[in-house]
Amino acid sequence: MQFYNTLSGKKDEFIPIEEGKVRMYACGPTVYNFFHVGNARCFVVFDMLRRYLEYRGYEVKFVQNFTDIDDKVIKKANEEGLTYSEIAKRYIDEYFVDAKGLGVRPATVHPLATDNIDMILHIVKTLVEKGYAYPSNGDVYFRTRKYKDYGKLSGMLIEDLESGARIDVSEQKEDPLDFALWKAAKPGEPAWESPWGMGRPGWHIECSAMVMRYLGETIDIHCGGQDLIFPHHENEIAQSQCCTGMQFCHYWLHNGYINIDNHKMSKSAGNFFTVREIAEKYGYLPIRHFILSSHYRSPINFSKDIIEQSKAALERIFNCVDTLNFFVNNAPEERVRENEGELIAKFDSAKSKMIEAMDDDFNTGEGIAAIYDLVKDINTAVNSNPAPSKGAMIHAKALLDEMTELFGFVRDKDDNDDFIREIEEAIEKRKKAKKAKNYAEADRIRSELLERGVVLLDTPTGTQYRINAQK
RNA sequence: GGCGCCAUAGCCAAGCGGUAAGGCAGAGGUCUGCAAAACCUUUACGCCCCGGUUCAAAUCCGGGUGGCGCCUCCA
């Protein structure tokens, strides 16, 4: 398995620190609002990465933080007259609602910045002791120039940064390039005790602290959006490596942006849609499908048309799942047909194609194409005459389930048993009417069900139904 | 100014030197008593342009054109 490593600038073969185990960290959201489709990309992509690593047999410990204290959270709290932690808690809860809808599983640990102040202080203190950081009027800054590898991840050189001159110049700093590890408290803001007075952590330091506490001094994979490469991840590396003297992380993975009309979707630009509002109209899964249909590093354009395309594309998979389940549940038991080896091999080739694609830098687009290959082969088999054996299709079903589950293309089950029994009784009644050639009655039953959102499909194996989930 | 990315059909998208995956939409057809939002088939003589390397290039190299991102909070 190989993937593109921002640190080396090329695809690297993945070799974990500890055989069979993966320690990975992703920068999570700052919780002061619902997250938008652009934010969703990294959640979905790195959930997929984690699922795939597990699928390939690794035991994965995955940590994703919540930034629950920062300027934006404080601002929002002040606007609403609430505490920062009330705001954070609200949007953490909302995060999990949307994440679940998107098929994004909870991480192994979801730590909060404010639960790790002690670890943050430990790192800042160590950096001050080692001479990599200095206090200044209650703030503490990192001496960027003192870390000789600064800029290695982003390819930015110290000299270039200087000439860019867009860096924050402050009276407090020895050098404009230095960045804050700890910020002195402003009146009315939440604050914690520290050797330099009351204050709160800077943004970059929290990730270093949570990585160290939950995953250790050196981890396998660190991921996030491309916009975090500089300065956030660069700073994380500097802080962590100067603190421990160890390499911080072996593989850095960064996802591309989601654009609208070719411009990056972002809260500050205002050109965003929240996942919640799109999901209410189209459902969550089309968003997941849209994100995974292209490579995680390419920029992708979001539009409602695209989401509709993804929704239609997903229907094709779900139709196949329904068709196959119906076939397997209703096909008569029979002897295995001869010469079905070829059919089975065809089914299996879809899985091989998927694994090959995913092993090469998580090519989800080609992985999904493999699912559609399988879908086509299943549809063709089910409709062929003579019908394939039940055994062959049970094999196909196992494959299809495995692949759709890996990609998270799984619908919520409707457990409305009474309704289902009603439908099945109606279908039985219609079957009798049809047998008696009472087509008027049969059509009446069919349109009655249709009005209730139930579509009937007459297949050679019997009558299949589909409940149109209008979500 | 510095660093970097992208350009494939009406739309989305894979492809990483061997003769254009997959999805949506469109067109034709199949199953059916009739239907179906189901299924099947089909849809790029060409991969932004111009040169070059090679037996062979969407794929590599050089030069253009167009678009985007980071350097400031940002997934």
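We use all heavy atoms of the structure for the numbers below, so side chains are in, but hydrogens, waters and symmetry mates are not. Letters A, B, ... mirror the listed sequences (proteins, then strands); counts begin at 1. Values in this document were obtained by computation on a predicted structure and should not be read as measured data.
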So H289(A), base contact, sugar-phosphate only, or nothing? Heavy-atom distance under 4.0 Å. nothing
In terms of relative ring orientation, are Y251(A) and F3(A) parallel, tilted or perpendicular, with 30° and 60° separating the classes? perpendicular
If the test is ring pair (Phe, Tyr, Trp, His ring centres under 6.0 Å), which one of F66(A), Y84(A), F35(A), F34(A) qualifies with Y91(A)? F34(A)
Considering all heavy atoms, the nearest I205(A)-L181(A) contact: CG2-O, 3.5 Å
Could a donor-acceptor pair under 3.5 angstrom be found where the side chain of Q309(A) meets the base of C12(B)? no
A38(B) -> Watson-Crick or G-U wobble partner, both distances under 3.5 Å, gives U30(B)
Any Lys/Arg nitrogen of E315(A) or R466(A) sitting under 4.0 Å from an Asp/Glu carboxylate oxygen of the other? no
Choosing from C68(B), A37(B), A75(B), which nucleotide comes nearest the side chain of L450(A)? A37(B)
Is the base of C6(B) touched by the side chain of R297(A) through a donor-acceptor pair closer than 3.5 angstrom? no
Which whole-number value in Å describes the distance from N255(A) CG to G4(B) P? 20 Å
Partner lookup for G62(B), please. Criteria are Watson-Crick or G-U wobble with both distances under 3.5 angstrom; report none if nothing qualifies. C50(B)
I307(A) atom CD1 is separated from C12(B) atom P, nearest whole Å, by 14 Å
Minimum-distance nucleotide to N319(A) side chain [options: C39(B), C73(B), G23(B)]: C39(B)
Rounded to the nearest Å, what distance is computed from the OH atom of residue Y257(A) to the P atom of nucleotide G4(B)? 15 Å
Pairing partner of C70(B) (Watson-Crick or G-U wobble, both distances under 3.5 Å): G2(B)
Same-atom distance (C1') from A58(B) to C6(B), integer angstrom: 14 Å
Among G15(B), A75(B), C40(B), which nucleotide has an atom closest to any side-chain atom of H36(A)? A75(B)
When you match S268(A) and Y4(A) each to their closest nucleotide on RNA chain B, which lands nearer the 5' end? Y4(A)
Would you mind telling me which of A14(B), A75(B), A36(B) lies closest to the side-chain atoms of N39(A)? A75(B)
Indicate the ring-plane relationship of F96(A) and H110(A), choosing parallel, tilted or perpendicular according to the 30° and 60° boundaries. perpendicular
From the set G22(B), C39(B), G33(B), return the single nucleotide nearest to any side-chain atom of K434(A). G33(B)
Give me the distance, rounded to whole Å, that separates U30(B) from C34(B) when you measure between the P atoms they each carry. 12 Å
Look at D70(A) together with K76(A) and state whether they make a salt bridge at an N to O cut-off of under 4.0 Å. no
Result of checking H222(A), H254(A), R297(A) against T6(A) for side chain to side chain donor-acceptor pair (under 3.5 Å): H254(A)
From CZ of F407(A) over to C1' of A13(B), roughly how many Å is that when rounded to an integer? 14 Å
Just to confirm, is there a sub-4.0 Å distance from OP1 or OP2 of C40(B) to any side-chain nitrogen or oxygen of R316(A)? yes
Which class fits the ring pair Y95(A) and F43(A): parallel under 30°, tilted 30 to 60°, perpendicular over 60°? perpendicular
Any strand is fair game: report the nucleotide pairing with C24(B) by Watson-Crick or G-U wobble, both distances under 3.5 Å, or none. G10(B)
Let's test this: given Watson-Crick or G-U wobble pairing with both distances under 3.5 Å, identify the partner of G18(B). C55(B)
If each of K11(A) and Y32(A) is mapped to the nucleotide of RNA chain B with the nearest heavy atom, which maps nearer the 5' terminus, i.e. the 5' end? K11(A)
Does R41(A) place a side-chain N or O at less than 4.0 Å from the phosphate oxygens OP1/OP2 of A75(B)? no
Nearest to the side chain of N262(A), heavy atoms from C-beta on, is which of G23(B), G33(B), G67(B)? G67(B)
U41(B) P sits how many Å from N379(A) CG, rounded? 10 Å
Taking G2(B), A75(B), A14(B) as options, the one with an atom nearest any side-chain atom of E366(A) is A14(B)
Without decimals, in angstroms, what is the distance between K353(A) NZ and G15(B) P? 11 Å
Contact class for I229(A) (heavy atom, under 4.0 Å): base, sugar-phosphate, or nothing? nothing
Pick the C1' atom in U42(B) and in C24(B), then give their distance to the nearest Å. 15 Å
Hey, mind stepping through D443(A) and R446(A) against salt bridge (charged side-chain N to carboxylate O under 4.0 Å, His left out) and telling me if it holds? CA-CA 5 Å; D443(A) 289 351; R446(A) 184 169 66 192; 3.5 Å; yes
Pairwise P distance, A25(B) and A38(B) [rounded to whole Å]: 8 Å
Nearest to the side chain of N383(A), heavy atoms from C-beta on, is which of G33(B), C39(B), G22(B)? C39(B)
G10(B) and A27(B): how far apart are their C1' atoms, nearest whole angstrom? 13 Å
Does any N or O donor sit under 3.5 Å from an N or O acceptor when you compare the side chain of R466(A) with the base of A38(B)? no
With a 4.0 Å cutoff (strictly under), does any side-chain N or O of K376(A) reach OP1 or OP2 of C39(B)? no
For RNA chain B, which residues of residues 436-444 of chain A approach it to below 4.0 angstrom with any heavy atom? Y439(A), D443(A)
Under 4.0 Å, counting only non-hydrogen atoms across every strand here, what does D70(A) touch: a base, just sugar-phosphate, or nothing? nothing
Ignoring backbone atoms, establish whether H263(A) has a side-chain N or O less than 4.0 Å from OP1 or OP2 of G69(B). yes
Expressed in angstrom and rounded to an integer, what is the separation of L153(A) atom CG from C3(B) atom P? 17 Å
With the side chain defined as heavy atoms from C-beta on, K264(A) is closest, among A75(B), G22(B), C71(B), to A75(B)
To the nearest angstrom, how far is H233(A) atom NE2 from C70(B) atom C1'? 14 Å
When the C1' atoms of U19(B) and G23(B) are considered, how many whole Å apart are they? 24 Å
Just N and O in the side chain of N363(A): are any of them under 4.0 Å from OP1 or OP2 of G15(B)? yes
Carefully, step by step, assess Y214(A) and R23(A) under the rule side chain to side chain contact (heavy atoms under 4.5 Å, CB included). CA-CA 9 Å; Y214(A) 299 100; R23(A) 281 173 260 178; over 6 Å; no
Check ion pair D377(A)-K346(A) (N to O, under 4.0 angstrom): yes
Checking contacts here: which listed nucleotide (C24(B), C71(B), C11(B)) is nearest the side-chain heavy atoms of I306(A)? C11(B)
